[in-house]
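Presented below is the structure to which this report refers.
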Amino acid sequence: MAHYIVLLGPPGAGKGTQAQIISKTLNLAHVSSGDIFRENLKNQTELGKLAKGFMDRGELVPDDVTIAMIRDRLKRPDCAEGALLDGFPRTPAQAEALAEMLNEWDAKIDCVPYISVDADVLIERLSGRWSCPTCGFVYHAVYNPPKVAGICDFDGAALYQRVDDQSETVKHRIDVYMEQTSPLIDYYRKAGLLVEVDGTLPIEEVTSQLLKAINEKVG
Ligand code: ADP
Ligand code: AMP
Ligand code: ZN
């Protein structure tokens with residue numbers, strides 16, 4: 001039976017950081033909608049061109065495009081045993097579409113860990129975020145620095161700051177999250193799938209809380 005886990009939380013909560021760690025422990029494919037969009041942007045695909053304006057403004061890419069992209073991704077062989085979803089779903093329509101596609105494949109969501117972090121902390125997190133263009137690893141200038149400033153520990157690539165991590169865009173992304181994504185907290189709570197984890201704890205603490213919560217649900 002395939003396992004599907006949805007990581008929920010505002011931008012900067014630590015979804016990507018945690019997904020990179022626990023996808024290995026759980027042996028599940030890490031499916032990040034933001035990473036897929038950024039890959040398309042880099043390769044200048046039609047999808048990338050379409051998504052760019054929305055991403056630069058800190059808005060959501062339209063549901064139909066995003067849903068089709070994730071559907072294709074989840075059909076790939078590395079998702080045969082399921083997936084750890086990071087950044088999808090982000091709207092009630094996306095959540096409904098996910099439920100429908102899993103239903104079609106005789107599967108369902110096992111659990112939805114919600115990584116909660118207050119807005120003031122998010123701004124500090126996103127303004128200090130540095131990402132590796134080669135391996136995708138995410139650092140923080142203060143909370144999770146690379147061994148040598150500006151250089152990836154794993155492959156030596158020069159780290160970059162995302163354009164949408166500039167302060168005005170960050171504030172807008174948090175507003176968009178509050179309006180369009182936060183209703184999913186209640187949606188999944190009502191479905192009995194939500195487990196809340198305190199995302200303000202140190203990275204390793206959040207990891208152990210997440211794994212504990214997931215093991216309790218998935219068994
Ligand atoms: P998300 O994927 O939810 O947008 P990220 O995983 O990219 O968030 O994390 C945002 C930033 O916060 C990164 O710079 C990351 O290194 C840092 N970070 C993640 N988790 C923690 C934590 N528990 N404590 C401090 N900083 C963290
Ligand atoms: P993230 O890497 O999760 O912070 O996402 C970066 C950007 O990609 C977002 O601000 C959106 O523009 C876009 N994006 C990522 N996931 C979704 C989604 N599920 N629905 C719509 N847009 C998305
Ligand atoms: Zn790297």
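Counting starts at 1 for both ligands and their atoms, following the listed order.
No side-chain heavy atom of L98 sits less than 4.5 Å from a side-chain heavy atom of Y4.
Note: the hydrophobic cluster containing L159 also contains F154 (ILVMFWY, side chain heavy atoms under 4.5 Å, direct or indirect links). L7 and F37 fall into different hydrophobic clusters, where Ile, Leu, Val, Met, Phe, Trp and Tyr are joined by side-chain heavy atoms under 4.5 Å apart, directly or via other members.
For the Zn ion (ligand 3), the N/O/S atoms of D155 include one lying under 2.8 Å.
With T181 contributing its side chain and R90 its backbone, the two residues share a donor-acceptor pair below 3.5 Å. With hydrogens and angles disregarded, no donor-acceptor distance shorter than 3.5 Å links the side chain of D118 to the backbone of D120. Side chain of E205 to main chain of L201: no donor-acceptor pair is present (N/O by atom type, distance under 3.5 Å, no hydrogens or angles). Judged by distance alone, with hydrogens and angles left aside, the side-chain atoms of D165 form no donor-acceptor pair with the main-chain N or O of Q161 at under 3.5 Å. In this structure, Q18 contributes its side chain and I203 its backbone to a donor-acceptor pair below 3.5 Å. Looking only at distances, a side-chain donor or acceptor of K15 sits under 3.5 Å from a matching main-chain atom of G9. At least one donor-acceptor pair closer than 3.5 Å links the side chain of S23 to the backbone N or O of A19.
Regarding atom 2 (O) of ligand 1, its nearest protein heavy-atom neighbour is G16 N, 2.8 Å. The nearest heavy-atom contact from the protein to atom 18 (N) of ligand 1 is R125 CD, 3.7 Å. In this structure, atom 8 (O) of ligand 2 lies nearest to the protein heavy atom M55 CE, 3.6 Å. Counting protein heavy atoms only, atom 7 (O) of ligand 1 is closest to R129 NH1, 2.6 Å. Taking atom 15 (C) of ligand 1 as the reference point, the nearest protein heavy-atom neighbour is T17 OG1, 3.7 Å. At the shortest separation from atom 4 (O) of ligand 2 among protein heavy atoms lies R162 NH2, 3.0 Å. Looking only at protein heavy atoms, the nearest one to atom 8 (O) of ligand 1 is G14 N, 3.1 Å. Looking from atom 22 (N) of ligand 2 to the surrounding protein, the closest heavy atom is V61 N, 3.0 Å. Considering only non-hydrogen protein atoms, atom 13 (C) of ligand 2 sits nearest to F37 CD1, 3.8 Å. Ranking the protein heavy atoms by distance from atom 12 (O) of ligand 2 puts E59 O, 2.6 Å first. Closest protein heavy atom to atom 4 (O) of ligand 1: G12 N, 2.8 Å.
At a heavy-atom distance under 4.0 Å, only backbone atoms of P10 (N, CA, C or O) approach ligand 1. Contacts of L201 with ligand 1, taken as heavy-atom pairs under 4.0 Å, involve the backbone alone. The proximity of Y139 to ligand 1, defined as any non-hydrogen pair under 4.0 Å, is limited to the backbone.
Using a 4.0 angstrom heavy-atom cutoff, A13 counts as in contact with ligand 1. At least one heavy atom of R38 sits less than 4.0 Å from an atom of ligand 2.
Checking L8, I203, T207, L7 against atom 20 (N) of ligand 1, the nearest heavy atom belongs to I203. Nearest residue to atom 1 (P) of ligand 2 from R90, R129, K15, Q180 is R90 (criterion: closest heavy atom).
The atoms of ligand 1 that sit less than 4.0 Å from any heavy atom of Y143 are 25 (C), 26 (N). For ligand 1, the atoms closer than 4.0 angstrom to any heavy atom of V138 are 7 (O), 13 (C). Annotation for ligand 2: atoms under 4.0 Å from non-hydrogen atoms of R173 are 4 (O). Every atom of ligand 2 with a heavy atom of T66 under 4.0 Å away is listed here by number and element: 18 (C), 19 (N), 20 (N), 21 (C). In the vicinity of P202, heavy-atom distances shorter than 4.0 Å reach the ligand 1 atoms 23 (N). Close approach to S33 involves these atoms of ligand 2, each under 4.0 Å from a residue heavy atom: 15 (C), 16 (N), 17 (C), 19 (N). Counting atoms of ligand 1 from 1 in the listed order, those under 4.0 Å from a heavy atom of G199 are 23 (N). Every atom of ligand 2 with a heavy atom of Q94 under 4.0 Å away is listed here by number and element: 18 (C), 19 (N), 20 (N), 21 (C).
Summarising the local packing, CG of D56 is surrounded by more than 12 heavy atoms from other residues, nucleotides or ligands at distances under 6.0 Å.
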What's the verdict on side-chain hydrogen bond (donor to acceptor under 3.5 Å, both in side chains) for E196 and S116, showing C-alpha distance, side-chain angles and the deciding distance? CA-CA 7 Å; E196 185 166 346; S116 65; 3.1 Å; yes
Under the side-chain hydrogen bond (donor to acceptor under 3.5 Å, both in side chains) rule, what do N40 and T45 come out as? Steps first, then yes or no, please. CA-CA 5 Å; N40 277 276; T45 66; 2.7 Å; yes
Please lay out, stage by stage, how T200 and D198 fare under the test side-chain hydrogen bond (donor to acceptor under 3.5 Å, both in side chains).
CA-CA 6 Å; T200 59; D198 179 359; 2.5 Å; yes
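Here the angle centred on the Zn ion (ligand 3), running from SG of C132 over to SG of C135, is 110°, rounded to 10°.
Close N/O approach between G128 and ligand 1 is not found [any backbone or side-chain N/O within under 3.5 Å]. In terms of N/O distances under 3.5 Å, ligand 1 is not approached by P11. Checked by distance only, ligand 1 and K15 come closer than 3.5 Å through their nitrogen or oxygen atoms.
Y177 does not carry R173 over the face of its six-membered ring by the limits of under 6.0 Å from the centre and within 45° of the normal.
Listed by first and then second residue, the side chain to side chain donor-acceptor pair (under 3.5 Å) pairs that reach into residues 64-87 are H30-D86, R71-E104, R73-D78, sequence neighbours excluded.
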I'd like a table of donor-acceptor pairs (distance under 3.5 Å, sequence neighbours excluded) in which one partner is a side-chain atom from residues 136-144, with atom names and distances.
| from | atom 1 | to | atom 2 | distance (Å) |
| --- | --- | --- | --- | --- |
| Y139 | OH | D153 | N | 2.9 |
| H140 | ND1 | V142 | N | 2.9 |
| H140 | ND1 | Y143 | N | 3.1 |
| H140 | NE2 | E124 | O | 3.2 |
| H140 | NE2 | R125 | O | 3.4 |
| Y143 | OH | E124 | OE1 | 3.3 |
| Y143 | OH | E124 | OE2 | 2.4 |

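Taking the charged nitrogens against the carboxylate oxygens, D186 and K190 do have a contact shorter than 4.0 Å, which makes a salt bridge.
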